[in-house]
Amino acid sequence: MTARIIGTGSALPNRVITNDDLAKIVDTSDEWISSRTGIRSRHISDAEETAAVLAARAGQKAIENSGIQKDEVEMILVATCSAEDYFPNLGCQVQNMLGMEHTVGMDLNAACSGFLFSLNTAFAYIKAGIYKTILVIGTETLSKIVNWKDRSTCVLFGDGAGACVIRAEETGVLDFVQHSDGSMGHVLTAKASSTETPVQPETGADPIYMDGQAVFKFAVKKVPECIEEILERNHLDKEEVSCFILHQANKRIIQSVAKRLKLSEEKFPVNLEGHGNTSAASIPLLLDDLNREGRLHKGDKLILSGFGAGLTWGATLLEW
Ligand code: UT7
């Protein structure tokens, strides 16, 4: 018995901010942002579009897409690192918004690897026979903690949510690998109120700090490594994998991973042009795009791979 993704959904804030819009508030240009990252625009939430609201919208769509009744869901597991509240957790907020009082709700924070780690956690619960049906959501409103005066980070991120329903079935998730390196945690941080960094008066939050080049180097090394690790231990040739769904941080990272694995870039779909880096939401947003465009076929072997703050990284092999 394993666990299969049976439905996907996503939600994006209404407001779209282009690179040209950003060039009006920081010293940047469409040329710099698009050539260095591949990003052209991103969705930015307003006060009402909280991480929980986006999560609930994406979750609702995933339930509809799966064809199950919401009463069949036993757990809501939400990946996020930018929720507006320390508590109640977003799983409980989504439970309340969608009227799913019989479920258990909780959150998981592994930054941009959060959705992948949550999917793996849901798979483990199902494989252990504890639950049969779990709603897994990745949701972020990083725009609310980003420093809008720091051009090196504010141009990168976008808001949104993606979700999937995963259910006990004979085929589906086949294996996963997960890794962390806390000794490198300092290269990508968002500190809660502390005495070390001044709290931003506008938002009450501390700005995100990122050593972009260190994160870039980490990603282009560790992502191919963990993909090779999962292929090897499942005796699978990389050519047998139809599609590699990577965390959407930077188009150059994705191209570099394809090159290192000696694979065609066509196997690495990209949707970051219109989303920016949506952290834990990026993989389920892309999964939902591909699913709704009919680009995933029953029996396809897919590898999902996430990487981010922590540092954290990993890969999940599944059959669609
Ligand atoms: O999801 C979490 C994981 N995060 C990531 O994967 C991000 C990984 N890192 C990256 O994607 C890239 O490192 C960045 C896109 C963040 C930066 O690209 P880069 O090619 O590494 O640029 P850089 O940081 O080396 O900066 C090059 C220059 C600098 O100017 P000088 O020192 O050469 O004069 C920066 O000040 O570009 C400047 N710069 C900008 N210029 C225009 C930095 N940000 C901007 C900007 N617009 N927005």
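The structure displayed is predicted, hence computed values, not measured ones. Only heavy atoms go into these numbers, but all of them, side chains included; no hydrogens, no water, no symmetry mates. For ligands, and for the atoms within them, numbers begin at 1 and follow the listed sequence.
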**Q.** Results of salt bridge (charged side-chain N to carboxylate O under 4.0 Å, His left out) for Arg36 - residues two or more places apart only
**A.** none
Q) Members other than Ile137 in its cluster, when Ile, Leu, Val, Met, Phe, Trp, Tyr link by side-chain heavy atoms under 4.5 Å? A) Ile6, Ile63, Ile68, Val73, Ile76, Val78, Leu90, Val94, Leu98, Met100, Leu135, Val165
Q: Answer yes if the side chains of Thr141 and Glu49 hold a donor-acceptor pair under 3.5 Å, and no otherwise.
A: no
**Q.** All pairs passing salt bridge (charged side-chain N to carboxylate O under 4.0 Å, His left out) where residues 269-298 contributes a residue, at least two apart
**A.** Asp288-Arg292, Glu293-Arg295
Q: State whether Lys61 and Glu64 are salt-bridged, where the test is any N-O pair (Lys NZ or Arg NE/NH1/NH2 against Asp/Glu carboxylate O) under 4.0 Å.
A: no
Q.
Residue by residue, ordered by chain and number, which ones reach under 4.0 Å of ligand 1 with a heavy atom?
A. Asp27, Thr28, Trp32, Arg36, Thr37, Cys112, Arg151, Ser152, Val155, Leu156, Leu188, Met210, Gly212, Gln213, Val215, Phe216, His247, Ala249, Asn250, Arg252, Ile253, Asn277, Phe307
Q: Among Gln95, Met75, Lys70, Glu72, find the residue that satisfies the side chain to side chain contact (heavy atoms under 4.5 Å, CB included) test when tested with Thr103.
A: Gln95
